[in-house]
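This report refers to the structure that appears directly beneath it.
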Amino acid sequence: MARVRPLSGFPEWTPAERIVEASVLDSLREVFQLHGFAEIETRAVETVDRLAGKSEAAKEIYTLGRLNAEEGSEAKLGLHFDLTLPFARYVEEFQNELAFPFRRFQIQKVWRGERPQEGRYREFYQADIDVVARQTLPAHADVEVAVVMARALAALPVPGVTMRVNNRRLVEGFYRGVGIGDIAGALRSVDKLDKIGPDGVRTELIEQDIPESAAAAILDLAQISAPDAGFVAAVEDLWASSTTVHDPAEAEQELRAGLAELVALVEGVNAAVPGTAVADLRIARGLDYYTGSVYETFLTGHEDLGSICSGGRYDSLVAGGGFPGVGMSIGVSRLVSRMLGAGLVRASRPVPTAVLVAVTDEASRATSVRIADALRGRRIAAEVAPSAAKFGKQIQYADKRGIPFVWFPDAGSGDAESESTGGEVKDIRSGDQTPADPTSWEPPAADLHPRIVPAD
RNA sequence: GUGGCUAUAGCUCAGGUGGUAGAGCACCUCGUUGUGGUCGAGGGGGUCGCGGGUUCAAGUCCCGUUAGCCACCCCA
């Protein structure tokens, strides 16, 4: 028989790890719903031509087909690689049934055929929220989406996060004002600032035929950051000293609009979750459909992991125009894998069971089942021991699974028809054992369900 | 897609210059005959990723292949 080997990039968790992941998913869902976002789920597949669309993301798409499908007999399908594109299709398709602005969240697996690494998977969960309008979407939606995500992340058992935000209008206005034609290309280089440093970026920019003075100006811009409106004066000063085009009025208008939006964003997020947002004018985001606010979020002390929650503002969700929106996406699998891998948290036990009901002998298994049912009827998770092994073995069974309590049924009268459901319950951690009645006994609240606890 | 490293028991890993495979942990049994964890004794478990080559002899050397890890690219 072939050896079982993990498939790279397709993570699978143990039951205890899954409890951590599920609790993260539950927590996110709760915060999203609390802010009035409606849940949708889209199918896992889209047609390949729609998925492949524009970018070079096409290479990452997993295609799907029947083994014996006839040539050309069916539409080519692919697994979605994010939740935004399926959402766009969904909005287009259901536009007459949705009320706008439409606020939705979506938590699903996505698939990308990339080379996996730590925190980079081929199959992973994303948790998206978006607000989409029909014609125009006010800028306060940009703030709201970021606030919801900041709160969602703050509710998780992780160190704090820093949300680095920027604004494309600001950057594009500035870039045009210093005479840069290929804004996307320049942004791409500026985005590498952390990795290759200012000199590296300068070299790349000059290779793109950007004048040295302009390269210097946008590098200076990229190095501005502030946790409040303090960046505005710095940008204005830089603008005044580096504008080179003849008529910068239009560019300046964009710059100022972007500045205002960015100030509102930083201040809005920090008012809701203090210390979270930082205006960082180097944040570029590779995706070219963003047109306003852009966001990247880093886990404090785990910046090497990359962004765990990113997104931005886009002019038009669908090809024909209209439907402006703003959205962010949490890389849940990336986040959870680090939480587990770095020992930030663990589950208090890998099974839901709070009580193992021991079986005295197979003849009286029914008594044990009755006790377990009495507990279950009161929402206390219970299971019956798999065999009437020696009590020591049955305790060991519970111990290995982290089940905190073992219930020993009464020896009883020996009458198989006896209604007796009493016995003694033992806390196997302390060894304390006391008589108890399954119609009234309760475990401590902390033992009722598996909990997420700090790892040792 | 590009480059580097790795592959031996369920897990983590030892196995100079070729000589027929080991440890720790985990698992099972017993000591302890229906109340666990400690301790002690014993036990099961590996065609050394796969295919080929060199050799009297390959876990070890060579070639190929597959898979995994890391970095780049890109991104959650």
Side-chain angles (χ1 to χ4, degrees), chain A residues 1-11 14 24 28 55-60 80-84 106-129 149 153 161 188-189 191-192 195-196 200 283-288 290 294-299 302-312 327-338 341 356 358-362 364 385 387-409 411 423-434:
Chain A
M1 199 165 78
R3 270 157 64 109
V4 178
R5 286 277 173 195
L7 261 183
S8 180
F10 296 90
T14 62
V24 167
L28 295 177
S55 58
E56 72 280 4
K59 286 202 222 159
E60 300 179 352
H80 56 221
F81 54 81
D82 71 9
L83 299 178
T84 305
Q106 192 170 347
I107 301 175
Q108 285 181 247
K109 291 271 185 77
V110 304
W111 294 267
R112 294 183 191 176
E114 296 183 284
R115 272 288 227 290
Q117 272 171 46
E118 196 208 343
R120 286 184 61 181
Y121 297 111
R122 290 173 160 172
E123 175 181 64
F124 59 98
Y125 273 111
Q126 285 198 321
D128 277 38
I129 61 171
M149 281 308 200
L153 292 167
V161 299
R188 197 172 277 269
S189 293
D191 204 28
K192 299 179 188 167
K195 272 182 193 159
I196 63 179
I283 299 299
R285 307 285 306 133
L287 277 66
D288 45 6
Y290 292 130
V294 289
Y295 321 87
E296 287 192 351
T297 313
F298 297 88
L299 192 58
H302 300 271
E303 288 78 7
D304 61 295
L305 189 59
S307 175
I308 53 161
C309 176
S310 304
M328 297 181 76
S329 175
I330 297 180
V332 178
S333 301
R334 170 174 288 184
L335 182 58
V336 168
S337 74
R338 178 55 66 97
L356 176 77
V359 174
T360 307
D361 51 52
E362 287 302 334
S364 67
S387 76
K390 291 190 224 174
F391 283 164
K393 295 285 178 213
Q394 298 194 43
I395 292 170
Q396 229 172 50
Y397 175 94
D399 190 40
K400 277 185 190 145
R401 288 161 180 74
I403 300 170
F405 296 96
V406 175
W407 196 290
F408 297 103
E424 297 197 339
V425 66
K426 176 188 182 98
D427 181 331
I428 65 171
R429 296 157 302 186
S430 63
D432 295 344
Q433 185 167 329
T434 53

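The sequence lines fix the lettering, A, B, ..., with proteins before strands; numbering per chain opens at 1.
Residue-level contact check: A/Phe408 touches the bases, meaning some heavy atom is under 4.0 Å from a base atom. A/Gly119 comes within contact range of at least one nucleobase, with a heavy-atom separation under 4.0 Å. Heavy atoms of A/Ile308 sit under 4.0 angstrom from primed sugar atoms or phosphate atoms, though from no base atom. Counting non-hydrogen atoms under 4.0 angstrom, A/Val359 reaches a base of the nucleic acid.
Using Watson-Crick or G-U wobble geometry with both donor-acceptor distances under 3.5 Å, B/U35 finds no partner in any strand shown. With both pairing distances under 3.5 Å, B/G24 is matched to B/C11 as a Watson-Crick or G-U wobble pair. A 3.5 Å limit on both hydrogen-bonding distances identifies B/G19 as the Watson-Crick or G-U partner of B/C56. Using Watson-Crick or G-U wobble geometry with both donor-acceptor distances under 3.5 Å, B/A67 finds its partner in B/U6. When Watson-Crick and G-U wobble pairs are counted only if both distances are under 3.5 Å, B/C74 pairs with no nucleotide at all.
Between the side chain of A/Asp399 and the base of B/G36, a donor-acceptor pair under 3.5 Å is found. Scanning atom types as modelled, one donor and one acceptor separated by under 3.5 angstrom connect the side chain of A/Glu114 and the base of B/A76. On a pure distance criterion of 3.5 Å, a polar donor-acceptor pair joins the side chain of A/Gln433 and the base of B/U35.
Atom name P, nucleotides B/G59 and B/G49: the rounded distance is 10 Å, in whole Å. Atom name C1', nucleotides B/C13 and B/C72: the rounded distance is 30 Å, in whole Å. Nucleotides B/G46 and B/A14, compared at atom C1', are 15 Å apart to the nearest Å. Rounded to whole Å, the separation between the C1' atoms of B/U12 and B/C69 comes to 16 Å. The C1' atoms of B/C50 and B/U66 are separated by 7 Å, rounded to the nearest whole Å. B/A7 and B/G64 have their C1' atoms separated by 16 Å, with the value rounded to a whole Å. Annotation: B/C48 and B/U20 have their P atoms spaced 15 Å apart (nearest Å). For the C1' atoms, the distance linking B/G4 with B/G43 amounts to 44 Å, nearest Å.
Closest to the side chain of A/Arg115, from the set B/G36, B/C28, B/G3, is B/G3. Nearest to the side-chain atoms of A/Lys393 among the listed nucleotides B/G36, B/A71, B/U29 stands B/U29. Picking from B/A76, B/U35, B/C74 the nucleotide with the shortest atom distance to the side chain of A/Lys192 gives B/C74. Across B/U35, B/A76, B/G37, the shortest atom-to-atom separation from the side chain of A/Ile395 is found for B/U35. Side-chain proximity of A/Arg334 to the nucleotides B/A76, B/U29, B/C28 is greatest for B/A76. Side-chain proximity of A/Lys390 to the nucleotides B/U33, B/U35, B/U29 is greatest for B/U33.
Taking the ring centre of A/Tyr125 as origin, the terminal cationic atom of A/Arg334 falls outside the region bounded by 6.0 Å and 45° from the ring axis.
Here the side chains of A/Trp111 and A/His80 are in contact, with some heavy-atom distance below 4.5 Å. When side chains are defined from C-beta on, A/Phe81 does not count as touching A/Arg122, because their heavy atoms never get closer than 4.5 Å. Under the 4.5 Å side-chain criterion, counting only non-hydrogen atoms from C-beta, A/Asp128 is not in contact with A/Gln108. Residues A/Ser329 and A/Asp82 fail the side-chain proximity criterion, which asks for heavy atoms closer than 4.5 Å.
Summary of the strand contacts: A/Asp427 and A/Thr297 both lie near RNA chain B, and taking for each the nucleotide with the nearest heavy atom, the more 5' one is attributed to A/Asp427. Each of A/Gly331 and A/Gly431 was matched to the nucleotide of RNA chain B holding its nearest heavy atom; the match closer to the 5' end belongs to A/Gly431.
The CD atom of A/Glu303 sits 18 Å away from the P atom of B/A76 (whole-angstrom rounding). As a whole-Å value, the separation of A/Met149 CE from B/A76 C1' is 11 Å. Taking atom OH on A/Tyr290 and atom P on B/A76, their separation rounds to 6 Å, with Å as the unit. In this structure, A/Arg122 atom CZ and B/C69 atom C1' are separated by 13 Å, rounded to whole Å. In this entry the distance linking CD1 of A/Ile283 with C1' of B/C75 reads 13 Å, nearest Å.
Between the side-chain ring of A/Tyr121 and the base of B/A76, no stacking contact exists by the 5.5 Å and 30° definition.
For A/Gln117, a side-chain nitrogen or oxygen approaches OP1 or OP2 of B/A71 to under 4.0 Å. Phosphate proximity of B/C27 to A/Lys400: present, with a side-chain N or O under 4.0 Å from OP1 or OP2.
Atom-to-atom distance recorded for A/Arg338:CZ and A/Ile308:CD1 is 10.5 Å, nearest 0.5 angstrom. Separation of atoms CD1 (A/Ile395) and CG (A/Leu356) is listed at 9.5 Å; rounding is to 0.5 Å.
Scanning all heavy atoms of the two residues, the minimum distance from A/Ser307 to A/Phe298 falls at N-CE2, 3.6 Å.
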